[in-house]
Amino acid sequence: MGRLWTRLASALLTLDAGDEAARREVVALRRAAGRVALGDDLNATLADLTTQACAASTAAQVTLHAPDGTLRASSVSDPWEGATEPPSSTPDAALPQPGEANVLPLPDGGLLAVLPVSLPASAGTLEGGTLRARYRPGVRPGEDELAFLLSIADHAGTALHAAQLIERAGARAGEQERARLARELHDSVAQALYGITLGAKTARATLERDPARTLQSLDYTIRLAEGGVSEMKALLFSLRPDALEEGGLTAALTQHAHALEARHGLRVHAELRREPDLAPDVQAAAYRVAQEALHNVVKHARAAQVWVSLAQDGPLVTLTVRDDGRGFDPQAQGRGTLGQRSMRERAAGAGGTLTVQSEPGEGTTVTLTLPAAPPAPPLPTPGAEGA
């Protein structure tokens, strides 16, 4: 990136001299930086980079290639139009060193500039492929133009690295989610099934000699089965985001509350009024925050009771999770645990705020405030158009 800012500063210094080429380069670099920063679709970003490089330079065509020579993006729909030798046929020996450009002659009398696309060391590989600019006969790129193209190649490397990081993050998030679900299944449904099996065997063994104990075993088995069903429904809600659309936030929280009671013996007081007016993404964020808050109650609070409330007051929707557990000192905890930071990030991403109030021995209250979705416009009255 240092080369990028050096080139940009150099171009800016020449603007007063009326250098139109420098002006084009500044515009192209600014747009390229903005496009890469957006983290948009990788193919669209790379295509836009080649278009900007071609428009701001004297090259006839600009293409981006993978390390194996495969075409990634081109400034024109037909990258080989009018070319006697496609850039992909460039021999490996002609590939440039990092930070340098090779200018090679073409059979038609034109030139081909080959520039490296490098990735940061953290990417695991420094090879990002090449940026190749083809010039018509009689046109030769100067040092300033090659420096500009190197900056565009750096942008391409940044875009490739960003896409790589996003893919890694998605894979890691998937692994963490699978691990969490495996723990949930082991700790809840698997244990419930084991208890159901024991209850059923006990009922069968005492069926003839102790009918009263048989009834107790059957009641115990039924409660475990109901708890397992509730827990499975809660896990399905976490697996299927569209379940919120089908059942709504109130239904999702109700299912989760039932699962907590069945699995952990918590007494959950749910005050869930009418379904609030929330956009789908905000609704999902609210459910995830509640899920994390209740998970913290189970894991850390040592509580016997928890209160969950959801209410809408005009343009605001408030979700509160309160427990009677051991509490903690928020000042001593600094910015909070990873779970708290995750909840705050979700709240901020949904345009809301999150507050955590707690004192040692006094329990904890988590309050999420979110903006309600604007009301839908009224449907036109039949016949109103002709009135």
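For this chain, numbers begin at 1 and follow the sequence in order.
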### Query
What's the spacing between Arg273 CZ and Thr250 OG1 if we round to 0.5 Å?
11.5 Å
### Message
I'd like to know if the side chain of Glu261 and the backbone of Val268 have a donor-acceptor N/O pair within less than 3.5 Å.
### Response
yes
### Task
Measure the CG-SG distance between Leu149 and Cys54 for me, rounded to the nearest 0.5 Å.
9.5 Å
### Task
Take Gln357 and Thr367 through the side chain to side chain donor-acceptor pair (under 3.5 Å) test and state the conclusion after the steps.
CA-CA 8 Å; Gln357 297 176 319; Thr367 304; 5.3 Å; no
### Query
What distance do Glu345 atom CD and Arg288 atom CZ have between them, rounded to the nearest 0.5 Å?
15.0 Å
### Task
Would you please test Leu111 and Arg140 for side chain to side chain contact (heavy atoms under 4.5 Å, CB included) and show each step?
CA-CA 7 Å; Leu111 295 173; Arg140 184 177 185 86; 3.4 Å; yes
#### Entry: Partners meeting salt bridge (charged side-chain N to carboxylate O under 4.0 Å, His left out) with Arg209 (sequence neighbours left out)
none
### Check: Thr214/Thr206 side-chain N/O donor and acceptor closer than 3.5 Å
yes
### Summary
All heavy atoms of Ala133 vs all of Ala59, minimum pair found to be CB-CB, 3.9 Å
#### Entry: Evaluation steps, side chain to side chain contact (heavy atoms under 4.5 Å, CB included), between Gln312 and Leu370
CA-CA 9 Å; Gln312 179 173 347; Leu370 294 165; over 6 Å; no
### 4.5 Å side-chain heavy-atom contact, Val306 and Leu294
yes
### Message
We want to know whether Ser342 and Glu292 form a side-chain donor-acceptor pair, criterion being a heavy-atom distance below 3.5 angstrom.
### Response
no
### Query
In chain order, what residues pass the salt bridge (charged side-chain N to carboxylate O under 4.0 Å, His left out) check against Glu143, with sequence neighbours excluded?
none
#### Entry: Val139 reachable from Val103 in the ILVMFWY side-chain graph, under 4.5 Å edges
yes
### Message
Side chains of Val114 and Leu112, heavy atoms from C-beta outward: is any pair under 4.5 Å?
### Response
yes
### Task
State the OG-CG distance between Ser358 and Asp323, to the nearest 0.5 angstrom.
7.5 Å
### Query
Taking all atoms of both residues into account, what is the closest heavy-atom pair of Ala347 and Leu354, and its distance?
CB-CB, 4.0 Å
#### Entry: CA sep, side-chain torsions, deciding dist, call: Leu160, Leu46, side chain to side chain contact (heavy atoms under 4.5 Å, CB included)
CA-CA 9 Å; Leu160 289 169; Leu46 296 180; 4.2 Å; yes
#### Entry: Smallest separation among heavy atoms of Gly248 and Gln283, with atom names
CA-NE2, 4.1 Å
### Within 6.0 Å of CZ in Arg136, more than 12 heavy atoms from elsewhere
no
### Query
Heavy-atom distance under 4.5 Å between the side chains of Leu310 and Val317, does that happen here?
yes
### Query
Which heavy atom in Val117 sits nearest to a heavy atom in Thr130, and how many Å separate them?
CG2-C, 3.8 Å
#### Entry: Contact summary for Leu146 and Leu115, nearest pair of heavy atoms
O-CD2, 3.6 Å
### Query
Side-chain contact, heavy-atom cut-off 4.5 Å: Ser309 with Leu319?
no
### Message
Is it the case that over 12 heavy atoms from other parts of the model lie below 6.0 angstrom from the CD atom of Glu359?
### Response
no
### Query
Do other residues, nucleotides or ligands put more than 12 heavy atoms under 6.0 Å from Asp313 CG?
no
#### Entry: Separation between OG1 of Thr45 and NE2 of His155, rounded to the nearest 0.5 Å
11.5 Å
### Query
What class does the angle between the rings of Tyr287 and His256 fall in, given that below 30° is parallel, 30 to 60° is tilted and above 60° is perpendicular?
perpendicular
## Note on the structure
Interatomic distance, OH@Tyr135 vs CG@Leu104, rounded to 0.5 Å, equals 12.0 Å
### Task
Locate the shortest heavy-atom distance separating Ala56 from Phe148; write the atom from each residue and the value.
CB-CZ, 3.6 Å
### Query
Is any side-chain heavy atom of Thr365 less than 4.5 Å from a side-chain heavy atom of Trp307?
no
### Message
Regarding Arg322 and Thr320, do their side chains bring together a donor and an acceptor under 3.5 Å, going by distance alone?
### Response
no
### Any His269 side-chain heavy atom under 4.5 Å of Arg267 side chain
yes
### Query
Side chains of Gln340 and Val356: closer than 4.5 Å at any heavy-atom pair?
yes
### Task
Evaluate the side-chain proximity of Thr50 to Thr63: yes if any heavy-atom separation is below 4.5 Å, no if none is.
no
### Task
Please test His65 against Thr70 for side chain to side chain contact (heavy atoms under 4.5 Å, CB included), starting from the C-alpha separation and ending with a verdict.
CA-CA 5 Å; His65 298 259; Thr70 305; over 6 Å; no
